[in-house]
Amino acid sequence: MTVMNVVRRQRRNRRHRRHLISGTAVAAATALGLGTLTACSDTSAAGNTDKFDVVASFYPMAYLAEQIGGKYVHVTTLTEPGQEPHDLEISARQTAQLQESDAILYLKGLQPSVDDAVAQSGVKTKIDATTLTSLEKHGTEVGGHAAEHDHEHGEEAGGKDPHIWLDPVKYAEVAKGVGAAFEKADPDHADVYKTNTEALVEKLGALDSQFDSGLKNTRTRVFITTHAAFGYLAERYGLTEEAIAGLDPESEPSAARVKDLEKMAKADGVSTVFYETLVSDKTAKTLAKDSNLKTDVLDPIEGITSKSRGDDYIQVMEANLKALQTALGAK
């Protein structure tokens, strides 16, 4: 089966899965209320605890809230573990529960149904992560001669890239903004939020140093992924990300794009095609087979599941670093 046939079949399956998610799965999730993240919290819905109640749109936002808030914050997430965030359609009950929260932490542009719910919500503290750092426009190629490539292949070019959490430096900028918002919204615990934010920023700084030194000397600087989630990471560490699809996992590559990737893989000494934990690996594996390449996981950390190579953001990012070092031939 060719890469294009695999992509078309996956697209049909995703539409079917999205239908199921918006029906049965979300109905089941709704019956349980919002998914609770913190170990110190119970299964209460947002707004029903004596803590600072924060609703996070998906895992990277929830991780920030949990790390910064500590024991004073009750964190709930709208996206169930293992659910592809781009596909999320939140229920009427979840939308109503947003109204009871003290704060909403989300990333505008990633999940349209969340953006709509937040816009309709009367919650006083709305924290949009995209306002806390700069966003860039990324296409299917990021780094290297990406600007030239996107000009030549206009149909492949992307929009504003929301995947800021995969760059530890940008994620730290967001963390600082979230900390400041928590301090303002819950002044009684401002000192704790400030201390926790500083500790998290330091941890992310150490992660940045690991990536910087770990990817300094490599045999090749190019890597292939299923969708363009790692553009900020590529730019930060002087790499080039070549994505099969665009910023949206559902976007379909052209036949010319697939042919380009096969040629480029050979020319740039690419050894590996990366796929994700929450998206089908069939396209990556078909391209790899056609081009005689290996496959491996590069996790965009949109959720932590039993398949994740680690229990939290830092651990999975460290696993991503090891995977990149192997694929790029780190010296």
Side-chain angles (χ1 to χ4, degrees), residues 1-11 137-158 161 163 166-167 211 214-300 309 317 319-331:
M1 188 178 287
T2 66
V3 173
M4 294 307 299
N5 286 338
V6 169
V7 168
R8 289 190 187 104
R9 178 178 285 182
Q10 281 180 224
R11 204 172 193 190
K137 188 173 179 178
H138 288 155
T140 48
E141 179 185 353
V142 183
H145 302 291
E148 180 188 327
H149 174 96
D150 282 346
H151 178 71
E152 290 172 9
H153 300 76
E155 78 282 359
E156 302 281 10
D161 184 354
H163 301 88
L166 292 166
D167 173 355
F211 268 82
L215 296 171
K216 198 153 265 175
N217 298 306
T218 57
R219 181 183 51 77
T220 181
R221 307 301 287 170
V222 182
F223 63 100
I224 298 176
T225 57
T226 44
H227 96 277
F230 297 89
Y232 292 109
L233 185 149
E235 288 183 332
R236 177 69 56 194
Y237 305 110
L239 307 175
T240 298
E241 175 196 47
E242 293 278 1
I244 299 168
L247 293 171
D248 182 347
E250 289 203 26
S251 59
E252 187 175 328
S254 64
R257 176 64 183 157
V258 173
K259 198 174 281 186
D260 277 353
L261 284 171
E262 289 173 351
K263 281 184 195 167
M264 178 276 305
K266 194 174 285 186
D268 289 324
V270 173
S271 68
T272 307
V273 179
F274 286 112
Y275 63 93
E276 304 170 15
T277 47
L278 299 183
V279 179
S280 171
D281 60 4
K282 282 182 182 173
T283 308
K285 286 188 171 173
T286 303
L287 177 64
K289 189 179 176 186
D290 291 350
S291 305
N292 227 6
L293 302 172
K294 299 173 199 164
T295 56
D296 197 4
V297 170
L298 199 62
D299 195 333
R309 294 176 175 176
M317 278 295 277
N320 280 344
L321 173 57
K322 283 179 186 168
L324 281 168
Q325 285 177 308
T326 301
L328 298 173
K331 296 164 188 173

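Keep in mind that the numbers below use all heavy atoms, side chains included, and drop hydrogens, waters and symmetry copies.
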Could you check Leu239 against Val222 for side-chain contact (heavy atoms from CB on, under 4.5 Å), going step by step and ending with a plain yes or no? CA-CA 6 Å; Leu239 307 175; Val222 182; over 6 Å; no
Using the side-chain contact (heavy atoms from CB on, under 4.5 Å) rule, take Thr240 and Phe223 through it: C-alpha gap first, then chi angles, then the decisive distance, then the call. CA-CA 6 Å; Thr240 298; Phe223 63 100; over 6 Å; no
Hey, is the main chain of Asp299 close enough, under 3.5 Å, to the side chain of Asn320 for a donor-acceptor pair? yes
Please answer whether the main-chain N or O of Asp161 pairs with a side-chain N or O of Tyr232 as donor and acceptor at a distance below 3.5 Å. yes
Specify the closest pair of heavy atoms between Thr220 and Gly269, including all atoms of both residues, with the distance to one decimal. CG2-O, 3.8 Å
Residue pairs passing the salt bridge (Lys or Arg N to Asp or Glu O under 4.0 Å) test with at least one member in residues 220-238, sequence neighbours excluded, are Asp167-Arg236
For the student: nearest non-hydrogen atoms of Thr218 and Ala330, plus distance: CG2-CA, 3.8 Å
Quick check: closest heavy atoms across Phe274 and Ala323, and the distance to 0.1 Å? CZ-O, 3.7 Å
Partners passing side-chain hydrogen bond (donor to acceptor under 3.5 Å, both in side chains) against Asp296 (at least two apart in sequence or in another chain): Arg309
Do Val273 and Lys289 make a side-chain contact, defined as non-hydrogen atoms from C-beta onward lying under 4.5 Å apart? no
For a quick test of reading the model, state the closest non-hydrogen atom pair linking Ala265 to Ile224 and the distance between them. CB-CD1, 4.2 Å
Closest non-hydrogen atom pair, Ala229 against His163: O-CB, 3.2 Å
Decide side-chain contact (heavy atoms from CB on, under 4.5 Å) for Thr295 and Asp281; before the verdict, give the C-alpha distance in whole Å, the side-chain angles of both, and the deciding distance to 0.1 Å. CA-CA 9 Å; Thr295 56; Asp281 60 4; over 6 Å; no
Checking Asp290, Leu293, Asn292 against Glu262 for side chain to side chain contact (heavy atoms under 4.5 Å, CB included), the one that qualifies is Asp290
Under 4.0 Å between a Lys/Arg side-chain N and an Asp/Glu carboxylate O for Arg257 and Glu242? yes
Minimum heavy-atom distance between Phe230 and Glu241, given as atom pair plus value: N-OE2, 2.8 Å
Ile244 and Thr225: CA distance, side-chain angles, deciding distance, side-chain contact (heavy atoms from CB on, under 4.5 Å) verdict: CA-CA 6 Å; Ile244 299 168; Thr225 57; over 6 Å; no
Spell out, as yes or no, whether a donor-acceptor pair under 3.5 Å connects the side chain of Asp268 to the backbone of Val270. no
